[in-house]
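Below, read A as the first sequence line, B as the second, and so on, with proteins coming before strands; counting in each chain starts at 1. The model shown is predicted, which means the values in this text are computed figures rather than measured ones.
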Number of protein chains: 2
Amino acid sequence: MTVGRKLRMTNQRRVILEELKKVTSHPTADEVYQMVRQRLPHISLGTVYRNLEVLSQCGMIQRLALGINQRHFDANIENHYHIRCINCGRLEDVPIEPVAAFDNVLRGMSDYEIIGHRLEFIGLCPQCKK
Amino acid sequence: MTVGRKLRMTNQRRVILEELKKVTSHPTADEVYQMVRQRLPHISLGTVYRNLEVLSQCGMIQRLALGINQRHFDANIENHYHIRCINCGRLEDVPIEPVAAFDNVLRGMSDYEIIGHRLEFIGLCPQCKK
DNA sequence: TTATATGCAAATGATTTGCGTAGTC
DNA sequence: GACTACGCAAATCATTTGCATATAA
């Protein structure tokens with residue numbers, strides 16, 4: 001839907017990119033808005049959203065947590081891995097045993113108390129492969 | 001905040017749990033609502049949300065995609081792993097090299113076209129450890 | 001010049017919450 | 001009987017979108 005569009009480097013877009021490059025945290029759209037607003041007090045939140053979208057679509061930044069903002073529930077309380085279709089959002093189990101040893105790799109390297117991990121593959125489901 | 005509450009097994013709660021156990025898909029709250037509504041036509045969406053919350057808090061089901069419904073953005077477009085604080089939601093990088101070989105494990109085991117994976121550790125950040 | 005981008009405000013979609021009543025223990 | 005849960009509707013929070021105007025190329 002945004003394919004083949006000619007992008008312009010506006011002041012707002014440049015500043016958003018610059019500010020995002022300054023930090024190693026992973027700000028939310030609203031946090032980016034707060035950062036950018038110090039340099040461009042009249043920028044709107046909508047512009048920030050639109051630019052974050054455009055910039056991640058052309059690969060200049062990445063959007064974490066995928067495009068999905070609906071939560072999914074599972075009666076299977078065993079830890080298990082999932083695969084999500086990047087096109088339709090379908091979420092399925094993956095027949096790979098969770099590797100508990102990962103957690104230990106991180107223990108001792110991090111100040112966090114490690115509780116576990118989630119591994120999610122990203123791909124195209126059979127239907128969306130075309 | 002929901003600690004020490006006495007839970008009651010209401011009809012609605014039982015049906016929600018039963019329906020969720022019937023499927024191996026990972027329905028959203030609204031999908032659970034549609035499923036349950038066939039047996040309990042007068043149940044409200046709010047009740048479904050409340051019960052999914054309660055059931056996942058006491059470990060009878062799990063909530064995927066964590067409790068976070070805000071997207072995060074990152075100017076670092078290299079694939080890298082993250083750790084999220086389960087208490088405050090903080091999201092940070094993890095100093096572990098991504099293991100591209102994972103993707104190959106799944107190739108050939110799955111009908112999906114594998115594009116990549118995301119690994120997110122879950123833990124308690126230094127501040128929240130207490 | 002002209003299509004893309006902006007600012008603003010309203011719309012949307014998911015989830016949460018307040019409140020008065022119903023049902024479980 | 002006391003306290004948890006329910007149904008309903010309104011509220012909230014993040015995100016998206018319509019529209020008239022501004023601006024990069």
Side-chain angles (χ1 to χ4, degrees), chain A residues 1-20 26-58 60-73 88-89 91, chain B residues 1-20 26-58 60-73 88-89 91:
Chain A
M1 54 207 56
T2 317
V3 191
R5 194 164 49 157
K6 248 193 259 177
L7 294 186
R8 293 180 182 168
M9 187 47 72
T10 60
N11 204 30
Q12 290 87 334
R13 187 164 292 164
R14 182 182 312 106
V15 172
I16 288 171
L17 194 52
E18 285 174 6
E19 290 299 312
L20 194 53
H26 306 82
T28 61
D30 196 72
E31 286 164 347
V32 173
Y33 176 55
Q34 300 306 333
M35 289 156 54
V36 170
R37 214 140 70 112
Q38 301 189 8
R39 291 174 59 187
L40 303 174
H42 298 300
I43 197 173
S44 80
L45 182 55
T47 296
V48 171
Y49 270 104
R50 266 187 288 235
N51 276 298
L52 290 172
E53 173 66 22
V54 167
L55 290 171
S56 62
Q57 287 225 341
C58 63
M60 301 184 70
I61 66 174
Q62 68 173 308
R63 188 223 292 271
L64 310 178
L66 299 177
I68 311 292
N69 52 3
Q70 251 181 129
R71 299 175 187 172
H72 293 253
F73 296 85
C88 69
L91 186 65
Chain B
M1 56 207 54
T2 317
V3 190
R5 194 163 49 155
K6 247 193 258 178
L7 294 186
R8 291 181 183 168
M9 187 46 72
T10 61
N11 205 30
Q12 290 88 334
R13 186 163 293 164
R14 182 182 313 105
V15 173
I16 287 171
L17 195 50
E18 284 174 5
E19 290 299 312
L20 195 51
H26 305 83
T28 60
D30 196 72
E31 287 165 346
V32 172
Y33 176 54
Q34 302 305 334
M35 290 154 56
V36 169
R37 215 140 69 113
Q38 301 187 11
R39 291 175 57 188
L40 304 174
H42 298 301
I43 197 172
S44 80
L45 182 55
T47 296
V48 171
Y49 269 104
R50 265 187 288 237
N51 276 299
L52 290 172
E53 172 67 23
V54 167
L55 290 172
S56 62
Q57 287 225 341
C58 64
M60 301 183 71
I61 66 175
Q62 68 173 306
R63 188 222 295 270
L64 309 178
L66 299 177
I68 311 292
N69 52 2
Q70 250 180 132
R71 299 174 188 173
H72 292 254
F73 296 86
C88 69
L91 186 66

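Using modelled atom types, one side-chain atom of A:Arg13 and one backbone atom of A:Arg8 make a donor-acceptor pair closer than 3.5 Å. In this structure, the side chain of B:His26 does not engage the main chain of A:His72 through any donor-acceptor pair within 3.5 Å. Judged purely by atom type and a 3.5 angstrom limit, B:Glu31 uses its side chain to pair as donor or acceptor with the backbone of B:Thr28.
Counting to the nearest Å, the C1' atom of D:dT17 and the CG atom of A:Leu45 are 13 Å from each other. Rounded to an integer number of Å, the gap from B:Leu64 CG to C:dT15 P is 12 Å. For the pair B:Arg13 CZ and D:dG7 C1', the computed distance is 15 Å after rounding to whole Å. Rounded to a whole Å, the CZ atom of A:Arg50 is 15 Å from the C1' atom of C:dA3. As a whole-Å value, the separation of A:Gln57 CD from C:dT4 C1' is 15 Å. Atoms CG (B:Leu55) and C1' (D:dC6) sit 15 Å apart, rounded to a whole Å. Regarding B:His72, its NE2 atom lies at a distance of 12 Å from the C1' atom of D:dA14, rounded to whole Å. Taking atom CZ on A:Phe73 and atom P on C:dA14, their separation rounds to 13 Å, with Å as the unit.
Contacts between residues 32-44 of chain B and DNA chain C, defined by a heavy-atom separation under 4.0 Å, are absent.
Taking 4.0 angstrom as the limit, B:Gln12 places a side-chain polar atom (N or O) nearer than this to OP1 or OP2 of D:dG7. Within the 4.0 Å cut-off from OP1 or OP2 of D:dT23, not a single side-chain nitrogen or oxygen of A:Arg8 is found. Taking 4.0 angstrom as the limit, A:Arg71 places a side-chain polar atom (N or O) nearer than this to OP1 or OP2 of C:dT16. Close to D:dC6, at under 4.0 Å from its OP1 or OP2, lies a side-chain N or O of B:Thr10. The phosphate of D:dT15 (OP1 or OP2) has a side-chain N or O of A:Tyr49 nearer than 4.0 angstrom.
In this structure, the side chains of A:Gln62 and A:Leu64 come closer than 4.5 Å at one or more pairs of heavy atoms.
In this structure, the separation between CD on A:Gln12 and CG on A:Leu17 is 13.5 Å, given to the nearest 0.5 Å. Rounding to the nearest 0.5 Å places CG of B:Leu52 at 6.0 Å from CD1 of B:Ile16. Here CD of A:Gln38 is found 7.5 Å from CD of A:Glu19. Values are rounded to the nearest 0.5 Å.
Within 4.0 Å of A:Asn11, counting heavy atoms only, lies no atom of the nucleic acid at all.
The 5' end of DNA chain C is approached more closely, in terms of each residue's nearest nucleotide, by A:Asn51 than by the other of A:Asn51 and B:Thr28.
Within 6.0 Å of CE in A:Met35 there are more than 12 heavy atoms belonging to other residues, nucleotides or ligands.
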In residues 41-50 of chain A, what donor-acceptor pairs under 3.5 Å come from side-chain atoms, sequence neighbours left out?
from: A:Ser44; atom 1: OG; to: A:Thr47; atom 2: N; distance (Å): 3.2
from: A:Ser44; atom 1: OG; to: A:Thr47; atom 2: OG1; distance (Å): 3.1

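Over its length, the helix from C:dT1-D:dA25 to C:dC25-D:dG1 turns its helix axis by 40°, as judged from the five terminal pairs at each end, rounded to 10°.
A:Pro27 and A:Leu20 get closest at one heavy-atom pair: CG-CD1, 3.5 Å.
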